[in-house]
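Keep in mind that what you see is a predicted model, and the values were worked out from it rather than measured. Letters A, B, ... are given to chains in the order of the sequence lines, protein chains preceding strands, and every chain is numbered from 1.
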Number of protein chains: 2
Amino acid sequence: MKKIIIDREYDTDMIGNVTGRRLKTTEASLEILRLILEHDGLTLNELDGMVDSSKSSICSHLNTLLDSRYLIKENGTYYVSFRLALLGERARHRYPTGEDVREIIDRLARATGQEANFTIFEHGRLLACYGTSADENAGESSVRYRSEYHLHNTAAGKAILGELERGDVEAILDHWGLPRESEETITDRDRLFEVLDEYESKDYAVVDEEFAPGLVAIGVPVHGVDGEIVGGVSVGGPKYQNSLTKLERELAEHLFTAANEIESVLREEV
Amino acid sequence: MKKIIIDREYDTDMIGNVTGRRLKTTEASLEILRLILEHDGLTLNELDGMVDSSKSSICSHLNTLLDSRYLIKENGTYYVSFRLALLGERARHRYPTGEDVREIIDRLARATGQEANFTIFEHGRLLACYGTSADENAGESSVRYRSEYHLHNTAAGKAILGELERGDVEAILDHWGLPRESEETITDRDRLFEVLDEYESKDYAVVDEEFAPGLVAIGVPVHGVDGEIVGGVSVGGPKYQNSLTKLERELAEHLFTAANEIESVLREEV
DNA sequence: GATAATCTTTTTCATAATGTGAACAGAGAA
DNA sequence: TTCTCTGTTCACATTATGAAAAAGATTATC
């Protein structure tokens, strides 16, 4: 996998590597919003136990978020507003999340009989965009068990790391670390760089139980019109169904096809 | 339409009627986020022309939003992150936005041959949840032209106002006013109350070109399990196709059915 | 049903933290 | 070069904070 040097013509901060000032008030408000979102509603008292500031101060944040219509209040409990859902929907328009991309992923899953995923690369992580599994009963998108993935222990993530320059990889690892999520997770930085070097000769990356026990997958990056990395596609499943050689021999071609198709969609959308 | 007195057992602030303190820093940050979202990306310079504060200050807000992963930066332009889209998706789970509700609305549109909409009632406004039109070529959800509606000039909105207590209606009108959006929009508060009084004897509200010229529709509220108002359903179309009497005689029954079905879905979801 | 207890929210106010803007510096582009 | 745009520095003044108290509101207890 050749390092993509985008000549700095395209400048995406790998991490929001901000050197300037951060506003603590906004950070506190957003943290409260996040907590309410993740807990599907919280009361003042519950928040008091989670946040390190006084109740009166928390109230000020809640008032502000209410007034800005990011929250609603019902029976003393604060919930995230439907308006936030609409804002999120609007944010989605910028990303390749349409019917055509879902088609491609579904086809990949069907052709291989394995689970296929398309993720977006952002702030040094992969965010679940669309995923499906051929085994599923109905076939439609199930509730995603997770929405954010690390790069170091996922197939698409390792493929992306393999394409990035050393400095960018370092920045990402500095920020997110290499948390262990499975017995096989590579948690040593030097070891990871060794593995990434091996990808030089390949066009894809492999994850062998590093994300979850018994799960093997292969992944590739997906590029935007300017050659920048937009995200990644991966396909894989239980190890007992997929030897690594089978993965690399039989599934890789389907994976390349899917990635190319998504890149075509991205070109059309411009 | 009988006034629903929910005995204060269910307490939804009609408007986020906050008497307490609001945090200007958070408000400024959220305003910047909103501007970036609505303009599909902005540069520092562009923001400088829209916001009343110094560039350095705007930078601080941008840094904070970047760091909190609400924004990304590409080539000097700030965009809303995909992560915000995921947060919004998560917020959506709390609301009746599933396949079953879309079914009901589609069926209402098909049965009547008119456009049907389901909206969520929040902070004194109606937010587009799902809408469809039978005339459409493909039949699938088209891009929504608008996502927020006022109550005083929409069918579902007037139906909701008709059910609320006078004090709540006053609060909403105080906050949002009665902006004119069409020749026929009711912009006089007393006149609006007269019209609302007429609904006492009916079970639905009518909008007769008050939202847009040539558009007539009828609407009803949708209630949650505790009797609180969750949103509204409306159905209607061009006036040349629909006399008011036709609307009220032929379409009303379908509308009631749809509203009841959505309320059933809400009961199941608990 | 009355009283107590708990929780939420808004006050006030003194203090300290922190957001702000002007000026400055740096990076491209013309 | 000069111009334009972005981002940082720093002194100052705004503003967020927490403690305490009190008022509402709800729930628990007798």
Per nearest nucleotide of DNA chain C, the residue lying toward the 5' end, T43(A) or T26(A), is T43(A)
Find the distance [X]:[atom1] to [N]:[atom2] and express it as a whole number of Å.
X	N	atom1	atom2	result
R21(A)	dA11(D)	CZ	P	12 Å
D52(A)	dA17(C)	CG	P	14 Å
N63(B)	dG19(C)	CG	C1'	13 Å
E46(A)	dC7(C)	CD	P	11 Å
L44(A)	dT9(C)	CG	P	5 Å
E74(A)	dA25(D)	CD	P	19 Å
I58(A)	dT17(D)	CD1	P	10 Å
E27(A)	dG19(C)	CD	C1'	13 Å

At under 4.0 Å between heavy atoms, what does [X] touch on the DNA or RNA strands: base, sugar-phosphate, or nothing?
X	value
S53(B)	sugar-phosphate
S56(B)	base
L23(A)	sugar-phosphate
K55(B)	base

Could you tell me whether [X] and [Y] have a side-chain N and a carboxylate O separated by less than 4.0 Å?
X	Y	result
E194(B)	R191(B)	yes
E31(B)	R34(B)	yes
D174(A)	R189(A)	yes

Are [X] and [N] close enough that a side-chain N or O sits under 4.0 Å from OP1 or OP2?
X	N	result
S57(B)	dG21(C)	yes
N75(A)	dT26(D)	no
H61(B)	dT20(C)	yes
K73(A)	dT9(C)	yes

Side chains of E163(B) and H223(B): is there a donor and an acceptor less than 3.5 Å apart? yes
K24(B) has its side chain closest, among dA16(D), dT9(C), dT20(C), to dA16(D)
Which residue pairs pass the salt bridge (Lys or Arg N to Asp or Glu O under 4.0 Å) test when at least one of the two sits in residues 75-85 of chain A, sequence neighbours left out?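 Applying salt bridge (Lys or Arg N to Asp or Glu O under 4.0 Å) to every pair that reaches into residues 75-85 of chain A, excluding sequence neighbours, yields R83(A)-E148(B).
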